[in-house]
Each structure stands twice: as C-alpha cells, then as structure tokens.
Amino acid sequence: EFSNSTGDSKCMVCGPGSSRPEGIPATLCLPCAAGSFTTAAQQTEETGMAKCITCPEATYTAALGSTSCVPCPMGFTTKYRGSEGASACQCGEGSYKSGSSCRACPEGLT
C-alpha cells in the first residue's frame, strides 16, 4: 500500500501487474518485469501489496506489467522459471520438435 501525499486518510494499493519492491519510494508502483506477474488475488491482507511472482516452468510472459503467464503449447516446456518469451518453450527431455509439436524419441534414443 502507498499514499499519494502527506496527510492522506487511506492508502492506495498497487494494481495487478505491478508492485512496490522494498527500497522504492512509497508513492511509486513499478510494473512486473518480463517473466513475472501479479494479480489482485495475490495481495496480502497485512500490507495490501503483491510481490511479482516468477512465471512457473512451461509458461512465459514477454510483457511488462503482466497479470498472468502464457502457457507453452502442449508438450512443450521451459528450461527455467521466469521465461520471457515463446522462444523459451522447447520440447521436454526424451522428445524432439517435429513441425509445431513435440514427438517422443524412438526407443533407445534420447
């Protein structure tokens, strides 16, 4: 929560897709970086603030200020959490890309 000016009678909450990281002035909300997001549902009761959360594996977001992460296509995953674009989606272990989908490697091959 933050206040726009001295003497305000109530605090404001940063909107979905933004947060106020520690060390940032109390009157400033920053958009979540690519690869992370917040929603209004994530705001804590004690502070009213939501921290930007890293996108889980098999999802990504390239945009600043995201309120959700985009899932990779079926069968694709990401190597790490916090991926910043669709190019991070790749076939999982034991599979290979064939056109726009992933196929299981033939038995005995990886």
Side-chain angles (χ1 to χ4, degrees):
E1 294 183 342
F2 68 96
S3 170
N4 281 331
S5 61
T6 303
D8 279 352
S9 61
K10 70 177 195 173
C11 292
M12 314 263 310
V13 175
C14 291
S18 66
S19 71
R20 186 181 59 80
E22 289 183 36
I24 298 295
T27 57
L28 184 64
C29 292
L30 298 177
C32 293
S36 64
F37 71 104
T38 63
T39 68
Q42 293 164 324
Q43 294 171 343
T44 64
E45 286 184 28
E46 59 188 50
T47 66
M49 295 297 295
K51 290 186 178 182
C52 295
I53 297 172
T54 302
C55 290
E57 286 184 23
T59 67
Y60 66 91
T61 181
L64 294 175
S66 291
T67 58
S68 65
C69 298
V70 178
C72 290
M74 175 120 14
F76 286 76
T77 188
T78 58
K79 206 170 188 177
Y80 306 103
R81 294 171 46 95
S83 295
E84 299 178 2
S87 62
C89 296
Q90 52 191 264
C91 295
E93 191 173 320
S95 63
Y96 67 98
K97 187 173 181 181
S98 176
S100 61
S101 62
C102 294
R103 295 187 181 230
C105 291
E107 193 171 323
L109 300 175
T110 56

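Positions are given from 1, in the same order as the sequence printed here. Just so it is clear, the structure is predicted and the values come from calculations on it, not from any experiment.
Atom-to-atom distance recorded for Met74:CE and Cys89:SG is 13.0 Å, nearest 0.5 angstrom.
Residue Pro56 comes nearest to Thr78 through the heavy atom pair O-OG1, 4.5 Å, listed as atom of the first residue, atom of the second, then distance. Considering every non-hydrogen atom in both Cys102 and Ser95, the closest pair reads CB-OG, 4.2 Å. Cys55 approaches Thr61 most closely through the heavy-atom pair SG-CG2, 3.5 Å.
Two residues are said to be in side-chain contact when any heavy atoms from C-beta on lie closer than 4.5 Å; Cys69 and Tyr60 fail this criterion. Using a 4.5 Å heavy-atom cutoff, the side chains of Ser19 and Lys51 are not in contact.
A donor-acceptor pair is defined here as one N or O able to donate and one able to accept, closer than 3.5 Å; such a pair exists between the side chain of Thr38 and the backbone of Ser18. No donor-acceptor pair closer than 3.5 Å links the side chain of Thr59 to the backbone N or O of Pro71.
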(message) Using the rule given for side chain to side chain contact (heavy atoms under 4.5 Å, CB included), can you reason through Tyr96 versus Cys91, listing the C-alpha separation, both sets of side-chain angles and the distance that settles it, and then say yes or no?
(response) CA-CA 6 Å; Tyr96 67 98; Cys91 295; 5.6 Å; no

